[in-house]
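All ligand and atom numbering here is 1-based and tracks the order in the structure.
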Amino acid sequence: MTLPPRDPLPSLIPESAPFSAEQRVWLNGLFAGLLSLEDGITPLSLEQAAALLPGALDLATPATGEDDGAPWHDPAMALADRMKLAEGRPLRRRMMAAMGQQDCGQCGYNCQDYSDAIVLQKEERLNLCVPGGKETTRMLKALHQELGKGPGSAETPSKTLTPAAVTAAPAAAPGCSRECPTAARFLSRKRLNKAGSEKETWHIEFDLTATGIDYAVGDAFGVFPTNDPALADAVIAALAAPRDFPIGGRALRDVLVDGVSLGAAPDMLFQLFSYITGGERRQKAKALAAGEDPDGDAATLDVLAAIKKFSGVRPDPEAFIEALDPLQPRLYSIACSPRVDRRRMALCVDAVRYPINGRTRLGVASTFLGERVRSGDTVNVFVQKAQHFGLPADPSVPIIMIGPGTGIAPFRAFLHERMASKAPGRNWLFFGHQRRDYDFFYEDELAGLKAAGTLTRLSLAWSRDGAEKFYVQDRMREVGRELWAWLADGAHVYVCGDAKRMARDVEAAWVEIVAAHGARTTDEAIAFVANLKKSGRYQQDVY
Ligand SMILES: Cc1cc2nc3c(=O)[nH]c(=O)nc-3n(C[C@H](O)[C@H](O)[C@H](O)COP(=O)(O)OP(=O)(O)OC[C@H]3O[C@@H](n4cnc5c(N)ncnc54)[C@H](O)[C@@H]3O)c2cc1C
Ligand SMILES: NC(=O)c1ccc[n+]([C@@H]2O[C@H](COP(=O)([O-])OP(=O)(O)OC[C@H]3O[C@@H](n4cnc5c(N)ncnc54)[C@H](OP(=O)(O)O)[C@@H]3O)[C@@H](O)[C@H]2O)c1
């Protein structure tokens, strides 16, 4: 029997508190009793919780060990909150908390293994975390100072690094890791939005024939992009350096195009400027290198803007290149199934472009794929095996896929795979985007999959068609009873797309649905969803 919907009870335990779902339920109950809980009460601070129940925090936060639950391992959590949760832990755990928490593999590791490799001194580079960006690099540098100093700093990971799982070391087969990429031929791009859309999203295809690459649905595809040559030229002009200045046997311009990141100016660049300029400008460069923001413009300073800010400073081109971060590969969810054609690779890429101070800034990889690479060009690529994202082993298990925007990519692959393998399991897709008339990706194809019976249900949400925003989770709430019935039938849930807002809001909607239709309190529903995750029935590919 299902219960009617009701207002969720407030949770007393702060989101950031390092408790498991079960501990959260138990503590909420306890504190509610102690405080005679009424609607509207605000969550306790960690300190209040600890004061009410001394020892509760200790229960949930063992000082060391592999099984501390890594409560900071949430890509939607801010760095400061993650570091707070890791306070008092061994250095390698705090280093892990400093990572972007996406386990995306763009650095060649997952978050835990990258931090372990740094502590084991097997990895010297502290600037590899793409999602974490500058703030992660800065935090890692600060933590790195502790390495080899004081008690507790020498603790080593109890397990050995496992390259097979995390690609920490070069894999044997080309294209199996970022350390060992292979060259694939770029085939085509086709815009997925119709003219008039505010978005620019591309269906991208590569030819894998010559690569020997093997992949599965759920995996991601790593692409080594090159910078916009016009940006490299603008940097050269701003430096007043010769474009063929030799850098390690290559011309400066070539290194600027394919070797270094021209995105956010790294602290090292400001440090370099501080050495070769004087007075107030030197103080500003030093402040920027220390992560301060003397003029309130730090967030707008890419490499070119930084050179212009310190115009007239002429660093040696070699020292300049050394001060920049390496150009990193980017990952894209694979949008096709090898069962359909293993020589093809398809991606769904949203081109990042945004104006700052009159100059359009370009996302390096998304505009490389969406604009610069030409049909027939070869591109260095690799497959990043998914760690916890893939179809259920049993093809009869129903699946529910929630993928607004580019989040549709892996679900196109899932649907193709299930169609090609004649999997009997039911498939329900939630897709959404800004406007139905312009942003309905793969509309004809989805209609075909529906007609063929592969796509059992398609639920759509257009955020900008009405007077008010309407998102996939709003559509989910409307059909909550049926979603609950699918869950009761053992359905697996998948979420793909934006990590910062969408994934959180979708999870909150699941909690409401489970509470409303599964006859559970909010806390029981939270524990239910947490258990779905733990058992692998709720998987996310979010970025
Ligand atoms: C596992 C995984 C799967 C992914 N799958 C996909 C996918 O299927 N499709 C897809 O499109 N992407 C996907 N991504 C994201 C993708 O990897 C890239 O992060 C994305 O394409 C941007 O990379 P870029 O090089 O173009 O931009 P970058 O050069 O990295 O620039 C992006 C940076 O620009 C800044 N920025 C962006 N917009 C603004 C703005 N409006 N104002 C100010 N600053 C801004 C932000 O700092 C942002 O981090 C995935 C990521 C992961 C980890
Ligand atoms: N690192 C990068 O630079 C980079 C590059 C590309 C994408 N991304 C991330 O990836 C995400 C995916 O981009 P995308 O082009 O696929 O689409 P998107 O920008 O996420 O938009 C897809 C749909 O999701 C809606 N949406 C916005 N907030 C939501 C929420 N809280 N819950 C549910 N839906 C919500 C959007 O509505 P409205 O827009 O109308 O609100 C839109 O209809 C981006 O949001 C961004 O965070 C990052």
Item to check | salt bridge (charged side-chain N to carboxylate O under 4.0 Å, His left out): pairs with one or both residues in residues 368-384, sequence neighbours excluded | outcome: Arg353-Glu371
At under 4.0 Å between heavy atoms, is it the side chain or the backbone of [X] that contacts ligand 2, or both, or neither?
X: Asp505; answer: side chain
X: Lys199; answer: side chain
X: Val352; answer: side chain
X: Met502; answer: both

Item to check | For atom 24 (O) of ligand 2, closest protein heavy-atom neighbour | outcome: Pro404 CB, 3.9 Å
Next on the checklist: Among all the protein's non-hydrogen atoms, which is closest to atom 13 (O) of ligand 2, and how far away is it?
Outcome noted: Thr406 OG1, 4.1 Å
Checklist entry - Protein heavy atom under 4.0 angstrom of atom 1 (N) of ligand 2, is there one? => result no
Next on the checklist: Below a 4.0 angstrom heavy-atom separation, can you tell me which part of Val364, side chain or backbone, both or neither, approaches ligand 1?
Outcome noted: both
Next on the checklist: Test your reading of the structure: does Cys348 have an N or O sitting under 3.5 Å from an N or O of ligand 1?
Outcome noted: yes
Next on the checklist: For ligand 1 and Arg330, I'd like to know whether there is a polar contact (N/O to N/O, distance under 3.5 Å).
Outcome noted: yes
Item to check | For Arg464, the ligand 2 atoms whose distance to one of its heavy atoms is below 4.0 Å | outcome: 38 (P), 39 (O), 40 (O)
Item to check | Residues Val514, Val529; criterion side chain to side chain contact (heavy atoms under 4.5 Å, CB included); working and verdict | outcome: CA-CA 8 Å; Val514 169; Val529 172; 4.3 Å; yes
Item to check | Per atom 38 (P) of ligand 2, closest listed option by heavy atom (His433, Gln473, Gln434, Lys469) | outcome: Lys469
